[in-house]
**Q** 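This is the structure, below, for whatever I ask next.
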2 protein chains.
Amino acid sequence: MRKENSTNTLNKQNLEKECGMSYALTTIGGRWKPAILWRLCKGKMRYSELRDAIPNVTERMLVLQLREMEKDGLIKRIVYAEVPPRVEYEMTVKGNSLRPILKSLSDWGDENRL
Amino acid sequence: MRKENSTNTLNKQNLEKECGMSYALTTIGGRWKPAILWRLCKGKMRYSELRDAIPNVTERMLVLQLREMEKDGLIKRIVYAEVPPRVEYEMTVKGNSLRPILKSLSDWGDENRL
DNA sequence: TTAGGTACTATCAAAAATGTAAGTAATGCG
DNA sequence: CGCATTACTTACATTTTTGATAGTACCTAA
């Protein structure tokens with residue numbers, strides 16, 4: 001989906017290399033990531049529970065955002081060999097290290113939006 | 001630039017309404033915003049200083065991101081009635097209240113990216 | 001009168017993110 | 001066999017973000 005050598009991609013990469021803040025913001029900054037992280041902070045959840053808990057997400061978007069966060073090591077995907085399938089999502093240690101930051105972002109947002 | 005009634009826009013608005021974290025992330029989450037905020041945290045700067053300090057920004061992008069942050073009340077634009085023109089950008093009180101959060105995002109990023 | 005400096009705008013194009021709708025695989029149960 | 005359940009995929013369309021390039025307004029000083 002990403003072109004390897006577009007200026008767009010190169011700019012993104014350079015910024016993330018130079019600047020921890022940029023890196024942090026892209027790992028948690030997708031449209032549905034806050035909604036997912038918020039819920040997983042309270043405990044592990046199944047795919048269908050997440051889907052039903054988050055209004056208006058499409059399955060495609062949910063999966064995309066879960067995959068990205070898994071790749072970035074924020075969450076862990078646990079598959080049970082059952083039929084019908086069961087898959088649970090859970091925060092990793094790295095993901096949990098974000099908790100205080102997520103909390104302070106959330107508090108700041110609640111205080112500052114209109 | 002934004003369509004008023006696209007599903008995309010409505011989803012964004014709903015999430016920001018429900019979730020302070022989403023609101024916070026969109027106010028600081030543009031491509032060049034971290035780079036700008038980082039520098040303005042150290043003191044006010046002229047437009048041309050910002051432009052020269054941030055590698056690879058185009059003027060168009062720089063202005064767009066500055067305008068958005070001004071609208072969101074994070075930074076303040078100070079125009080001097082001189083020729084040639086002089087314009088300075090500076091953090092507001094609201095912007096400064098983000099400092100500890102920006103710092104912790106930055107630290108987290110520095111520790112966690114590869 | 002013309003060139004120079006500053007802070008922009010405007011137009012167009014490319015790329016990326018998000019949304020829509022339908023389909024798939026595996027297996028136990030009736 | 002045919003259906004139900006769960007967790008996805010796939011193909012495509014739309015919307016949004018980002019980038020490339022050129023041009024503008026203002027006054028001053030030469």
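Here the structure is a predicted model, which means the values were calculated and not measured. Numbers restart at 1 for each chain; the letters A, B, ... are given by sequence-line order, proteins then strands.
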**Q** Does a side chain donor of either B:Glu70 or B:Tyr89 reach within less than 3.5 Å of an acceptor in the other side chain?
**A** no
**Q** C:dC8, OP1 or OP2 - any side-chain N/O from B:Arg77 closer than 4.0 Å?
**A** yes
**Q** Side-chain N or O of B:Ser6 less than 4.0 angstrom from OP1 or OP2 on D:dT16?
**A**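 For B:Ser6, the contact criterion (side-chain N or O under 4.0 Å from OP1 or OP2 of D:dT16) is met.
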**Q** Using heavy atoms to find the nearest nucleotide of DNA chain D for A:Asn8 and A:Val87 separately, return the residue whose nucleotide is more 5′.
**A**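 Checking each residue's closest nucleotide, the 5'-ward one belongs to A:Val87.
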**Q** Name the nucleic acid region contacted by A:Arg51, choosing base, sugar-phosphate or nothing; use a 4.0 angstrom heavy-atom cut-off, strictly under.
**A** nothing
**Q** Compare side-chain N and O positions of B:Arg67 against OP1 and OP2 of C:dT9 and report whether any pair is under 4.0 Å apart.
**A** yes
**Q** For B:Arg2 and D:dT17, what is the distance between atoms CZ and C1' respectively, to the nearest whole Å?
**A**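 In whole Å, D:dT17 C1' and B:Arg2 CZ are 9 Å from each other.
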**Q** Determine the interplanar angle of the A:Trp108 and B:Tyr23 rings, folded into 0 to 90°, and report it as parallel if under 30°, tilted if 30 to 60°, perpendicular if over 60°.
**A**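 Ring orientation of A:Trp108 relative to B:Tyr23: parallel.
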**Q** Once you round it to whole Å, what is the distance between C1' of C:dA17 and CG of B:Asn11?
**A** 13 Å
**Q** Roughly how many Å is it from CG in A:Leu64 to C1' in C:dA16, rounded to a whole number?
**A**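 In whole Å, C:dA16 C1' lies 12 Å from A:Leu64 CG.
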**Q** State, yes or no, whether a side-chain contact exists between B:Leu66 and B:Trp32 at a heavy-atom distance under 4.5 Å.
**A** no
**Q** Relative to the 5' end of DNA chain C, which residue comes earlier, A:Thr7 or A:Trp32, by the nucleotide with the nearest heavy atom?
**A** A:Thr7
**Q** Tell me whether B:Arg31 contacts the main-chain N or O of A:Asn8 through its side chain, where contact means a donor paired with an acceptor under 3.5 Å.
**A**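 Side chain of B:Arg31 to backbone of A:Asn8, a donor-acceptor pair under 3.5 Å: yes, one is there.
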**Q** Nearest of D:dT6, C:dA7, D:dT15 to any side-chain atom of B:Arg86?
**A** C:dA7
**Q** Could you check how far CD1 of B:Ile78 sits from P of C:dC8, rounded to whole Å?
**A**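 Those two atoms, CD1 and P, are 12 Å apart.
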**Q** Nearest to the side chain of A:Arg60, which nucleotide is it out of D:dT10, D:dA7, C:dT9?
**A**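 Among the listed nucleotides, the one closest to the side chain of A:Arg60 is D:dT10.
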**Q** To the nearest angstrom, how far is B:Leu62 atom CG from D:dA20 atom C1'?
**A** 16 Å
**Q** Is the phosphate of D:dA7 approached by A:Ser48 (side-chain N or O, under 4.0 Å from OP1 or OP2)?
**A**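 Yes, because at least one side-chain N or O of A:Ser48 sits under 4.0 Å from OP1 or OP2 of D:dA7.
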**Q** Would you say A:Arg31 reaches C:dA16's phosphate, i.e. side-chain N/O to OP1/OP2 under 4.0 Å?
**A**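 Checking A:Arg31 against C:dA16: no side-chain N or O falls below 4.0 Å of OP1 or OP2.
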**Q** Nearest whole Å is fine: how far is D:dT6 P from A:Leu66 CG?
**A** 17 Å
**Q** For a quick check of understanding: with a heavy-atom distance under 4.0 Å over all strands, which category does B:Tyr80 fall into, base, sugar-phosphate or nothing?
**A**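 Here B:Tyr80 touches no strand at all.
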**Q** On DNA chain C, nearest-nucleotide positions of B:Lys12 versus B:Val83: which is more 5'?
**A** B:Val83
**Q** Hey, which sits more toward the 5' end of DNA chain D by its nearest nucleotide, A:Tyr89 or A:Thr9?
**A**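 The residue closer to the strand's 5' end, by nearest nucleotide, is A:Tyr89.
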**Q** Could you tell me the separation between the CG atom of B:Asp52 and the P atom of C:dG5, rounded to a whole number of Å?
**A**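 Rounding to the nearest Å, CG of B:Asp52 and P of C:dG5 are 13 Å apart.
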**Q** So does B:Cys41 get a backbone contact from the side chain of B:Arg99, meaning a donor-acceptor N/O pair under 3.5 Å?
**A**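 Yes: the side chain of B:Arg99 pairs with the backbone of B:Cys41.
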**Q** Side chain of B:Glu88, backbone of B:Lys44: donor and acceptor closer than 3.5 Å?
**A** no
**Q** Counting side-chain heavy atoms from C-beta on, which of C:dC8, D:dC8, C:dA7 comes nearest to A:Glu59?
**A**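 Looking only at side-chain atoms, A:Glu59 lies closest to D:dC8.
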**Q** Quick one: A:Gln13 CD to D:dG19 C1', roughly how many Å, whole number?
**A**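 My rounded result for the distance is 16 Å.
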